[in-house]
Amino acid sequence: MKTKLGRLKKEKLIGALFDKGASIKKFPLILFYAPSAEWQSGVSVSKKLFKRAVDRNRIKRLLRGAIKQQWPRVSSFNVGPSNFMILYIGKTMPDFEAIDQAANTLFDKFLERIKNHENE
RNA sequence: AAAGCAGACCGCCUUAUCGCUGCUCAUUAUUGAGUAGAGGAAAGUCCGAACACCAUAGUGCAGCAUAGUGGCUAACGGCCACCGAUCGUGAGGUCAGGAAAAGUGCAACAGAAAGAAUGUACAGGUCAUGCUGUAGUGAAAUCAGGUAAACUCUAUGCGGUGCAAUGCCAUGUAAACCGGUGCUUGAGUGCGGCACGCACAAUAUCGGAGGGUAGGCAGCUAAAGUGUCAUGGUAACAUGACAUUCAGAUAAAUGAUAAGGGUUUCAUGUAUUUGAAAUACAGAAUUCGGCUUACAGGUCUGCUUUUUUU
């Protein structure tokens, strides 16, 4: 069965995620997540770290690309759906490879964590 | 040929694989197919408008902006032409280019003296005196001086807030509580000044503490649109004909990876081979017209000066 990954676009949900959601860090990324009715994802880059819109757009596209790569693993993992949000916290411009590797370890941790939650 | 001036334009391409957003058509409750998908500055948010609401936005003050003349434009603080000043051999560049007999202020150095008037030398003149001339300092010395990127004055223009405008639908609550003001002899409100005026105004309004919502649709992209040609005009621009439909996202689509090829620079090399590096500034958010700033590299057009050749 295929599960759909929606976009996280409700401001309220995002606010709640930052306030109450759990977080996992793997430099240069942070992942916030919380259980939810359906799978939704979002990405963000601080305006303070990257002043130009072009740079922020590029990083966000790289992050979305990375999520796309990881998605088959997550959807077939057989856990309850969650909302999650990835932030970029590095200060230099990354390349695709760096993001991809970081995302890989990040999702390893993520899946392990929610698996444990389910078992409790 | 070299150096330079002005204007216009381009600003990486191709293929494959994996994706994103809108629309259309299928299929159906999950997909598939087709198609379109960032810029010359999308930027700064500095001007001007359209559009929306507040009174069809009114009067005075305050405040702000502009400043040769004429034209263009929906409008402008923009653009075009001409005049003037100024810089350049020149093509051309630059200009905060209204008023100094309304008033106030300011002026380094030099100089006796800088807006107050008057000193020295020589000469002239007088009853007498800087009364007159010349010399001397300076950009300027009584001349209706200079200065308005000093106040000021004059002329002209300007109401405010912005698409988070505004309208509708959905959801939810609290017409609860405390304090102030006011109830037709008028508190307050009408989205930053003051006064007037106008409109609304009593289950009203302001403040406190607290609760709820912050989702969707319209506005939202066919327009002062874009391209070509013709005509008028020195030009900005206008008129006409034909063709054309060209992003609409909302934690915000327009991308990632690989291979090949361009272009430029450097090295090697000398029938353009091989290698390396670079490939800019930058990302739509209601929409237009400008201005300003950023920009690897390149193309085209017109013109100027110098030198050489004929």
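Throughout, protein chains are lettered first and strands after them, A, B, ... in sequence-line order, and every chain is numbered starting at 1.
When each of A/V54 and A/V43 is assigned the nucleotide of RNA chain B bearing its nearest heavy atom, the one mapping closer to the 5' terminus is A/V43.
Atom name C1', nucleotides B/rG78 and B/rC237: the rounded distance is 14 Å, in whole Å. For the C1' atoms, the distance linking B/rA165 with B/rC54 amounts to 11 Å, nearest Å. Across the C1' atoms, B/rU31 and B/rC281 are found 42 Å apart, a figure rounded to whole Å. Taking the C1' atoms as reference points, B/rA149 lies 15 Å from B/rA65, given to the whole Å. With P as the reference atom, B/rU274 and B/rU308 are 45 Å apart, rounded to whole Å. Between B/rA241 and B/rA249, the distance separating the two P atoms is 36 Å to the nearest Å.
Comparing atom distances between the A/S44 side chain and each of B/rG19, B/rA251, B/rG283 picks out B/rA251 as nearest. Minimum atom distance to the side chain of A/K68 is reached by B/rC20, of the listed B/rC20, B/rA282, B/rA252.
Between the C1' atom of B/rA251 and the CG atom of A/L63 lies a distance of 13 Å, rounded to the nearest Å.
Judged as a side chain to side chain contact (heavy atoms under 4.5 Å, CB included), and not counting sequence neighbours, the contacts of A/R61 are A/N57, A/R64.
Glycosidic torsion of B/rG207 falls outside 90° of 0, placing the base in anti.
Salt bridge A/R58/A/D55: absent, no basic N to carboxylate O contact under 4.0 Å.
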Going 5' to 3' through nucleotides 254-260 of chain B and flagging B where a protein heavy-atom sits under 4.0 Å of the base, S where only the sugar-phosphate is that close, and - otherwise, we get SSSS---
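With both pairing distances under 3.5 Å, B/rA223 is matched to nothing as a Watson-Crick or G-U wobble pair. Partner assigned to B/rU228 is B/rA241, using Watson-Crick or G-U wobble distances below 3.5 angstrom. Base pairing of B/rA277: its partner is B/rU264, meeting the Watson-Crick or G-U wobble criterion (both donor-acceptor distances under 3.5 Å). In this structure B/rU299 sits in a base pair with B/rA8, meeting the Watson-Crick or G-U test at under 3.5 Å.
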Please report the C-alpha distance between A/F110 and A/F84 in whole Å, then the side-chain angles of each, then the deciding distance to 0.1 Å, and finally whether the ring pair (Phe, Tyr, Trp, His ring centres under 6.0 Å) criterion is met. CA-CA 10 Å; A/F110 174 48; A/F84 62 93; 5.7 Å; yes
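Using a 4.5 Å cut-off on side-chain heavy atoms (C-beta onward), A/L29 and A/L63 make contact.
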